[in-house]
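A quick write-up on the structure given underneath.
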Amino acid sequence: MPSETDICNRALSRVGEARITSLTDDTKQARACNSAYAHVRDEVLRSHPWNSAITRTTLAKLSSSPAYGYDDQYQLPSDCLRVVEIYDTRLPWVVEGRKLLSDEGSPLSVRYIRREEDPNQYDPMLASAVAARLAIELCEELTQSNTKRERALVEYEQILSRARMADAQEQSPMPLEEDDWVLARL
C-alpha cells in the first residue's frame, strides 16, 4: 500500500526529479513535497465523492440560529472537506464557512468527503491522481519547465478522468427523479 512518501516519489518521478526517503529529508524535493502534499491531497479528495473518502454522520443542531434565511445551523465535522448529501430531505440547505444551514430540524444525517490522511485507505487510482496533481504543483518549483508542467497537467486530467469513472461504477445506478416540470410534458 502507498505511503505519503511513495505518492510524493511518484510525483517526483513524473517531473524527472530525484526520489526522497522521507518528507522530512533536508533536500529541495522533500521540502517541496512536504509543503504541497496536504493541500494537494485535500484538493483532489474534494474534487470528487471518492468512495474511499466518504463517511456518514449525524449532526446535532446548534443552539444559535442563523441571522436569517434558515431556521437551524449545524457544525460540520473538523475533517469535512465537502458535504455530498443530506439524507432524506428535499428542503434546501447551504454550507457557509464551517456550518451547514437548513430548515430540516435535528438531527441531520449527512454524507461527506472526509480528510483521509492515511493513503493506505485510498483506491490505487486515487493515489495515482494525487501523485499526478502533486507533479503539477512541484513542476514550477523544482524544474522551472513549462513543457513538463503542461505535460503533467494533461497526464493529471487523463488519470483523474479514469479514476473518477472507475470510482463512480462501484455503486448501484442512482435513479433520476422526475420533477413536476418534466412530468408536465407528458
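At distances below 3.5 Å, at least one donor-acceptor pair connects side-chain atoms of Arg98 with backbone N or O atoms of Cys80. The backbone N or O of Tyr87 lies less than 3.5 Å from no partner atom in the side chain of Glu85, so there is not a single donor-acceptor pair. Between the Asn51 side chain and the Asp167 main chain, a donor and an acceptor come within less than 3.5 Å of each other. A donor-acceptor distance shorter than 3.5 angstrom exists from the side chain of Arg46 to the backbone of Leu81, with no hydrogens or angles considered. A donor-acceptor pair is defined here as one N or O able to donate and one able to accept, closer than 3.5 Å; such a pair exists between the side chain of Arg114 and the backbone of Ile54. Within the 3.5 Å criterion, the main-chain N or O of Glu157 finds no donor-acceptor partner in the side chain of Ser161. Of the possible polar contacts, none joining the Asn9 side chain to the Asp6 backbone as a donor-acceptor pair under 3.5 Å is found.
In this structure, the side chains of Arg56 and Ser109 stay at 4.5 Å or more apart for every pair of heavy atoms. With a 4.5 Å cut-off on side-chain heavy atoms, Val110 and Leu76 do not count as touching. Looking at Val94 and Tyr70, their side chains come closer than 4.5 Å, going by heavy atoms from C-beta outward. Residues Pro77 and Tyr112 form a side-chain contact, since some pair of their non-hydrogen atoms from C-beta on lies under 4.5 Å apart. Contact of the Ser102 side chain with the Thr89 side chain is not registered, since no non-hydrogen atoms from C-beta on lie closer than 4.5 Å. At least one side-chain heavy atom of Asp26 sits less than 4.5 Å from a side-chain heavy atom of Arg31. Residues Glu116 and Arg41 form no side-chain contact, since every pair of their non-hydrogen atoms from C-beta on lies 4.5 Å or further apart.
The two residues Arg19 and Ser13 have their closest heavy-atom pair at NH1-OG, 3.8 Å. Summarising the geometry of Leu23 relative to Glu4, their closest heavy-atom pair is CD1-OE1, 3.4 Å, with the distance given to 0.1 Å. A pairwise comparison of heavy atoms in Leu45 and Trp50 identifies O-CD1, 3.3 Å as the closest pair. Nearest heavy atoms, Ala18 versus Gln29: O-CG, 3.7 Å. The nearest pair of heavy atoms linking Tyr37 to Cys8 is CD1-SG, 3.8 Å. Taking every heavy atom of both residues into account, Ala30 and Ile20 meet most closely at N-CG2, 3.7 Å.
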Passes side-chain contact (heavy atoms from CB on, under 4.5 Å), Asn146 versus Glu140? Steps please.
-> CA-CA 7 Å; Asn146 287 334; Glu140 185 64 33; 4.0 Å; yes

Passes side-chain contact (heavy atoms from CB on, under 4.5 Å), Ser47 versus Arg164? Steps please.
-> CA-CA 10 Å; Ser47 73; Arg164 284 178 171 172; 3.3 Å; yes

May I have the step-by-step check of side chain to side chain donor-acceptor pair (under 3.5 Å) for Glu17 and Thr143, ending in yes or no?
-> CA-CA 8 Å; Glu17 288 291 316; Thr143 69; 5.9 Å; no

Could you go step by step and tell me if Ser128 and Arg10 meet the side chain to side chain donor-acceptor pair (under 3.5 Å) rule?
-> CA-CA 8 Å; Ser128 291; Arg10 290 174 70 186; 2.5 Å; yes

Decide yes or no on side-chain contact (heavy atoms from CB on, under 4.5 Å) for Leu12 and Leu142, but give the supporting numbers first.
-> CA-CA 9 Å; Leu12 290 166; Leu142 298 177; 3.5 Å; yes

Evaluate side-chain contact (heavy atoms from CB on, under 4.5 Å) for Val83 paired with Trp93, printing each intermediate quantity in order.
-> CA-CA 10 Å; Val83 175; Trp93 56 273; 3.6 Å; yes

Could you please spell out the steps behind the side chain to side chain donor-acceptor pair (under 3.5 Å) verdict for Thr147 and Ser145?
-> CA-CA 5 Å; Thr147 305; Ser145 170; 4.5 Å; no

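Here CD1 of Ile159 is found 13.0 Å from CZ of Arg133. Values are rounded to the nearest 0.5 Å. Taken from CE in Met125 to OG in Ser52, the straight-line distance is 12.0 Å, to the nearest 0.5 Å. Rounding to the nearest 0.5 angstrom, the gap separating the CD atom in Glu104 from the CG atom in Leu91 is 5.0 Å. Distance CD/Glu150 to SG/Cys139: 10.0 Å, rounded to 0.5 Å. Taken to the nearest 0.5 Å, the CZ atom of Arg111 stands 10.0 Å off from the OG1 atom of Thr55. Here the CG-CZ distance, from Leu134 to Arg14, works out to 10.0 Å after rounding to the nearest 0.5 Å.
Note: the hydrophobic cluster containing Val40 also contains Leu160 (ILVMFWY, side chain heavy atoms under 4.5 Å, direct or indirect links). Leu100 and Val84 are members of different hydrophobic clusters when ILVMFWY side chains are connected at heavy-atom separations under 4.5 Å. Under the 4.5 Å side-chain heavy-atom criterion for ILVMFWY residues, a single connected hydrophobic cluster contains both Val130 and Tyr156. There is no path of hydrophobic side-chain contacts, each under 4.5 Å, that joins Leu101 to Leu59. Linking Ile, Leu, Val, Met, Phe, Trp and Tyr whenever their side-chain heavy atoms come within less than 4.5 Å puts Ile7 and Leu153 in one cluster.
Sequence neighbours left out, the pairs with a member in residues 59-84 that pass salt bridge (charged side-chain N to carboxylate O under 4.0 Å, His left out) are Lys61-Asp72.
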